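Accompanying notes for the structure given below.
Within every chain, numbering begins at 1; the chains are lettered A, B, ... in the order of the sequence lines, protein sequences first and strands thereafter. Quantities reported herein were computed from a predicted structural model and do not represent experimental measurements.
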Amino acid sequence: MRTAKTILTVIQERGKQKKPIERVYKLLFNRELYLNAYAKLYPNNGAMTKGVTDETVDGMSIQKIDRMIEILREEKYQWKPARREYIKKKNGKKRPLGIPVWGDKVLQEVMRQILEAYYEPQFSEHSHGFRPNRGCHTALQEIQVWKGTRWFIEGDISQYFDTIDHKILLEILARNIHDGRFIRLVSNMLEAGYLEEWKFNQTISGVPQGGVISPILANIFLNEFDNWIEEVLIPKYTKGKRQKSNPEYNKLTAEIQKLRKEGDAKTAHQFVVERRKIPSVNTQDENYRRLRYVRYADDFLLGFTGSKADAEEIKAEIGRFLKEKLNLIMSEEKTLITNAGSQAAKFLGYEIKAQRVNDYIDPKGRRGANGAIALLVPAKVIEEKCKKYMKRGKATHRNNLLQDDDFSIVQTYQQEYRGLVQYYILAQNLSWFSKLYWYMETSLLKTLACKHRSSINKQKAKYKTTTTSTSGKTVPCLQVVVERPNKKPLVATWGGISLVHKRKAVIEDIPYKVYGGRTELVKRLLAEKCELCGSTENIEVHHIRKLADLKKKGQAEVPKWVQIMSARKRKTLVVCRECHVAIHNGNITKSS
DNA sequence: AGGCGCGTTAC
RNA sequence: GUUGUAACGCGCCU
């Protein structure tokens, strides 16, 4: 049997050459692809969450994989409907989720790996959502070099995941995947429907939010849009080699040179300062146009250098394309055209602006901010985050942390703060987080004080020390140290995170590599030996949600399986059927 | 070098 | 009990 890596590499090659692929369905008979899929899915939170049946990752086995393959050979695979749940979105609205049963997730992941190997080399440079080695930061870094942009067009597609047209999606797939059986399998999956309150509902459009292959299907669908933007729209709205220079600017330059020749450095300098106030190019130049594009899932942003009327026309053309070719609705109200110099566009939680002239001079005396793009953390983000640590306008303690020890309280605050700063590391106004830092520190000290019935000052005195910050400076901080026998102490630190933003960096394009190789878990499963009793029959894997769950209840006698799992720090234990049943019955006689 | 666990974010 | 795909950061363990 060919290895998963070989299969996927062959498909990847076809993808690079943009050649169609055939006999794809047969690849689903390869056991290794399922082991790959299992290894990829088992660490997920949802692996232990039930769909419409009781089946979860717990009890996974080679036999289960082989049964799935048998059913696929007979072309009798039945997708189960997804379980419908709702989660709250940030803006208060609800997002419908479709949670597939475990087996469906595994098969979806196998299919996803095949689709990824094939389509990943073909996807656009400008698409960043749900893709390996890409993310929000790579999308934002792309925007950073859109110098001279006059208009932003923020794209918004209404209810994208739920409105993807099945027929069009299948047509797109069938163009490259010449295999009726594979396409039918995808089609059946799309039509599997969902259960809400025990009632079956059909899915006439859309991909399930929560489905393993949904993100890549969403990307394959909008890849059509990327291609059209790049091959039709951008060429249409690109004109001229470079922008005409600004006559006024040139006049001043000539003047400065003349003054310098005459030796009047002082007046020359005055003119240089004057010149900084105006752009070096003619921003109204109708013979110069540039259009740039970036997409993250269904969210896209265009930067346009040209007239407002053209920007409006671009928006209209996009709306028409989406409706006519992809049967998608571009939200007319939410798709905004903003003036880059005076308003901020919103994208991926950042504010994007074009900087006005003359507000920044770099160390070499050059004008750095001539229409350059600024990425900013929105004031509202800071405000909202501060509120989380406040009550009635003042910093306050956190009730839900009062039971924790000092170490984890400090650790929690630091992790929250660090995560947020890390996300906004590209923002020029990153230093605004110093306000949040202050509120959080006060809240932290109040939590400690409340817990120990003590005062803020006493707590501060207790833990105050210094550390080397991420930018190398010695700065004050708070530290809780936990000494351990024969080991170096554990340290939780509050502070030491520098608020210097990351300057624009060259985006390095890491080449996509197919997912392959055997993980530790797969090796253990393939060993086919019960890790409790040594039996070699009916081997399956016992899974737990979290390691922390192991030491929850204070049992008098800790079962052997718990001992092994916590000693090895593994959420999995390869066992025989008998031992697995014993574990679930709480019957520890066999396993202890 | 790999597993596990915490945090942030996007959609 | 809240799913999925990703990205980033930190830490621990063997």
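Distance A/Lys546 NZ to B/dG5 P: 8 Å, rounded to the nearest Å. Atoms CG (A/Leu436) and P (B/dT8) sit 12 Å apart, rounded to a whole Å. Rounded to a whole Å, the CD1 atom of A/Ile164 is 16 Å from the P atom of B/dC11. Going from atom CZ of A/Arg524 over to atom C1' of B/dC4 covers 13 Å, rounded to whole Å. Nucleotide B/dT8 holds its P atom 9 Å from the CD atom of A/Gln415, rounded to whole Å. Following rounding to the nearest Å, A/Gln414 (CD) and C/G9 (P) show an atom-to-atom distance of 16 Å. Taking atom CD of residue A/Glu416 and atom C1' of nucleotide C/C8, one finds them 17 Å apart after rounding to whole Å. Rounded to an integer number of Å, the gap from A/Glu154 CD to B/dA10 C1' is 15 Å.
Ring geometry for A/Tyr38 against A/His543 counts as perpendicular: the plane angle is over 60°, on a 0 to 90° scale with 30° as the lower cut. The aromatic rings of A/Tyr350 and A/Tyr423 lie tilted to each other, with the angle between the two planes from 30° to 60°. Taking the six-membered ring where the residue is Trp, A/Tyr293 and A/Phe225 present perpendicular rings, their angle passing 60° and hence far from 30°. Note: A/Phe123 and A/Tyr119 have parallel aromatic rings, judged against thresholds of 30 and 60 degrees for the angle between ring planes. The aromatic rings of A/Tyr160 and A/Phe221 sit tilted, their planes meeting at an angle between 30° and 60°.
Side-chain N/O atoms of A/Lys105 include one lying less than 4.0 angstrom from OP1 or OP2 on C/G4. Not one side-chain nitrogen or oxygen of A/Lys569 sits closer than 4.0 Å to the OP1 or OP2 atom of B/dG2. Distances shown here put every side-chain N or O of A/Arg134 at or beyond 4.0 Å from the OP1 or OP2 atom of C/U5. Put simply, A/Tyr42 has a side-chain N or O that comes within less than 4.0 Å of OP1 or OP2 on B/dC4. Between A/Thr49 and C/U3 there is a side-chain N or O to OP1 or OP2 distance below 4.0 Å. For C/G11, neither phosphate oxygen OP1 nor OP2 lies less than 4.0 angstrom from any side-chain nitrogen or oxygen of A/Arg418.
Residue contacts for A/Thr412: at a heavy-atom cut-off of 4.0 Å it reaches no nucleic acid atom on any strand shown. Within 4.0 Å of A/Asn219, counting heavy atoms only, lies no atom of the nucleic acid at all.
Ranked by how close their nearest RNA chain C nucleotide is to the 5' end, A/Lys40 and A/Lys88 are led by A/Lys88. Sequence order on DNA chain B of the closest nucleotides to A/Phe130 and A/Pro43 puts A/Pro43 first from the 5' end.
The pairing partner recorded for C/U2 is none, the criterion being a Watson-Crick or G-U wobble arrangement whose two distances lie under 3.5 angstrom.
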